[in-house]
Amino acid sequence: MSHEHVSNIGRIWKVFAILSAVTVVEVILGILKPNVLHMNNFMGMNLLNWIFYALTVYKAYYIVYAFMHMEGEKSTLRSAVVFPLIFLILYILFILLTEGDYIYEVFKNSTIKWNF
């Protein structure tokens, strides 16, 4: 009953490369801020921010997938773990965008001054 040790060095480097590539894309987009993405709005926010949110959710999913060993589980368990988190993230994003826009409009169109 001896178990053979399997090295995961290649898998670790693959995960590192994927997460690093996504982070490099985020940093480059953050530095360059292309006008095509930065000046076009979609649902109250510019496209560049939507790309940042999508890449962040992808990285979060991949971290859970790789480091919590979800790749070996059945798809129903993966769905039971991931779908509620995606729903929660989207709900929090909706609340932040709705309330942030409301507060901005109140301060923009009233006599109340920005004091912070």
Side-chain angles (χ1 to χ4, degrees):
M1 293 297 266
S2 65
H3 295 285
E4 185 178 323
H5 177 71
V6 177
S7 177
N8 287 327
I9 293 174
R11 184 175 172 276
I12 291 170
W13 281 108
K14 178 184 172 189
V15 170
F16 175 73
I18 290 171
L19 293 176
S20 295
V22 173
T23 302
V24 166
V25 169
E26 286 178 333
V27 169
I28 289 172
L29 286 175
I31 290 172
L32 296 179
K33 292 184 183 176
N35 284 335
V36 171
L37 301 174
H38 188 62
M39 296 302 175
N40 289 330
N41 287 333
F42 177 70
M43 290 177 45
M45 193 168 54
N46 64 39
L47 292 175
L48 187 60
N49 285 351
W50 283 111
I51 291 173
F52 285 146
Y53 284 129
L55 290 174
T56 302
V57 168
Y58 174 76
K59 284 195 324 188
Y61 175 77
Y62 197 73
I63 288 169
V64 169
Y65 181 80
F67 294 119
M68 294 181 72
H69 309 288
M70 295 297 273
E71 71 271 12
E73 300 296 336
K74 293 185 178 185
S75 64
T76 53
L77 179 62
R78 280 195 305 242
S79 300
V81 170
V82 171
F83 288 159
L85 292 175
I86 290 175
F87 174 75
L88 180 65
I89 290 169
L90 292 175
Y91 178 69
I92 290 173
L93 183 63
F94 170 75
I95 295 295
L96 287 172
L97 289 174
T98 303
E99 294 300 320
D101 188 52
Y102 171 75
I103 291 172
Y104 175 75
E105 290 298 324
V106 165
F107 279 110
K108 180 181 169 193
N109 298 327
S110 70
T111 59
I112 302 172
K113 299 295 180 195
W114 294 89
N115 58 1
F116 49 88

Results of side-chain hydrogen bond (donor to acceptor under 3.5 Å, both in side chains) for Glu26 - residues two or more places apart only =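 side-chain hydrogen bond (donor to acceptor under 3.5 Å, both in side chains) list for Glu26, sorted by chain: Thr56, Lys59.
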When hydrophobic residues are tied together by side-chain contacts of less than 4.5 Å, even through go-betweens, does [X] share a cluster with [Y]?
{"X": "Ile12", "Y": "Val15", "result": "no"}
{"X": "Leu93", "Y": "Val57", "result": "no"}
{"X": "Phe52", "Y": "Val36", "result": "no"}
{"X": "Leu47", "Y": "Leu90", "result": "yes"}
{"X": "Met39", "Y": "Tyr53", "result": "no"}

What distance do [X] atom [atom1] and [Y] atom [atom2] have between them, rounded to the nearest 0.5 Å?
{"X": "Ile86", "Y": "Tyr61", "atom1": "CD1", "atom2": "OH", "answer": "8.0 Å"}
{"X": "Phe83", "Y": "Leu88", "atom1": "CZ", "atom2": "CG", "answer": "15.0 Å"}
{"X": "Asn35", "Y": "Asn46", "atom1": "CG", "atom2": "CG", "answer": "11.0 Å"}
{"X": "Tyr65", "Y": "Met70", "atom1": "OH", "atom2": "CE", "answer": "10.0 Å"}
{"X": "Asn49", "Y": "Leu29", "atom1": "CG", "atom2": "CG", "answer": "11.0 Å"}

Which of parallel (below 30°), tilted (30 to 60°) and perpendicular (above 60°) describes Tyr58 and Tyr62?
->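 Judged by the thresholds at 30° and 60°, the geometry between Tyr58 and Tyr62 is parallel.
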Measure up the Trp13 and Phe16 rings against each other and bin them: parallel (under 30°), tilted (30 to 60°), perpendicular (over 60°).
->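 Aromatic pair Trp13/Phe16 classed perpendicular.
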Could you tell me whether Ile9 atom CD1 has more than 12 heavy atoms of other residues or ligands within 6.0 Å of it?
->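 Counting other residues, nucleotides and ligands, CD1 of Ile9 stays at 12 neighbours or fewer.
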Could you tell me which non-hydrogen atom of [X] sits nearest to which non-hydrogen atom of [Y], and how far apart they are?
{"X": "Phe42", "Y": "Trp50", "answer": "O-NE1, 2.7 Å"}
{"X": "Ser79", "Y": "Pro84", "answer": "O-CD, 3.7 Å"}
{"X": "Glu71", "Y": "Arg11", "answer": "OE2-NH2, 2.7 Å"}

Hydrophobic cluster mates of Val24, side-chain heavy atoms under 4.5 angstrom, ILVMFWY only, any path?
->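 Reading the cluster by chain and number, Val24 sits alongside Ile28, Leu32.
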Pairs flagged by salt bridge (charged side-chain N to carboxylate O under 4.0 Å, His left out) wherever residues 46-55 is involved - sequence neighbours left out =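 Residue pairs passing salt bridge (charged side-chain N to carboxylate O under 4.0 Å, His left out), neighbours aside: none found.
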